[in-house]
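To start, the structure under review is shown below, and the notes come after it.
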Amino acid sequence: MSEAAFSELAQKATSLDYNHRVLLLTLLAQSLHNEEKTAASTKKRQFGREKGKFSYPINFDDDNEEIAKLFGVL
């Protein structure tokens, strides 16, 4: 936002009546709170932490018929 645009917005905000200024500041405070909450909840993922603890078949499709039989599809 440019300095001129900010100045114009600030001027318009000061011309609002008290209730509208309170509403505007409340919305701004909620927005900032949500932004902080989002930033705090985004944690870096640690890849490889579970390395070697799980195994899976190289080709998932090899077991399709056996799984289908278990579920009574075939």
Side-chain angles (χ1 to χ4, degrees):
M1 176 182 288
S2 70
E3 184 77 27
F6 178 79
S7 180
E8 182 182 349
L9 185 59
Q11 182 62 36
K12 286 181 180 179
T14 57
S15 67
L16 293 172
D17 65 81
Y18 175 77
N19 289 332
H20 283 102
R21 283 188 306 220
V22 168
L23 176 62
L24 180 63
L25 291 173
T26 301
L27 292 171
L28 180 60
Q30 288 173 349
S31 176
L32 291 172
H33 177 72
N34 289 340
E35 188 175 299
E36 289 173 359
K37 195 174 174 182
T38 301
S41 69
T42 54
K43 299 176 183 175
K44 282 192 168 187
R45 296 181 70 185
Q46 296 180 357
F47 295 107
R49 185 173 70 177
E50 301 294 323
K51 189 174 183 177
K53 293 184 180 179
F54 300 98
S55 64
Y56 54 90
I58 293 174
N59 186 353
F60 290 141
D61 293 329
D62 288 345
D63 297 324
N64 283 348
E65 284 186 31
E66 183 178 342
I67 293 171
K69 287 177 187 174
L70 291 171
F71 285 98
V73 178
L74 287 179

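Just so it is clear, the model here is predicted, and its values are computed rather than measured. For the numbers below, each heavy atom of this structure counts, side chains included, while hydrogens, waters and symmetry mates do not.
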Counterpart residues, side-chain contact (heavy atoms from CB on, under 4.5 Å), relative to Thr26 (two or more places apart): Val22, Gln30
For Ser15, all residues meeting side-chain contact (heavy atoms from CB on, under 4.5 Å), sequence neighbours excluded: none
Inter-residue atom distance Thr14.OG1 - Leu9.CG, 0.5 Å rounding: 10.0 Å
Common cluster, Leu16/Tyr18, ILVMFWY with side-chain heavy-atom separation under 4.5 Å: no
Sequence neighbours excluded, every pair satisfying side-chain hydrogen bond (donor to acceptor under 3.5 Å, both in side chains) that has a member inside residues 64-73: Asp61-Asn64
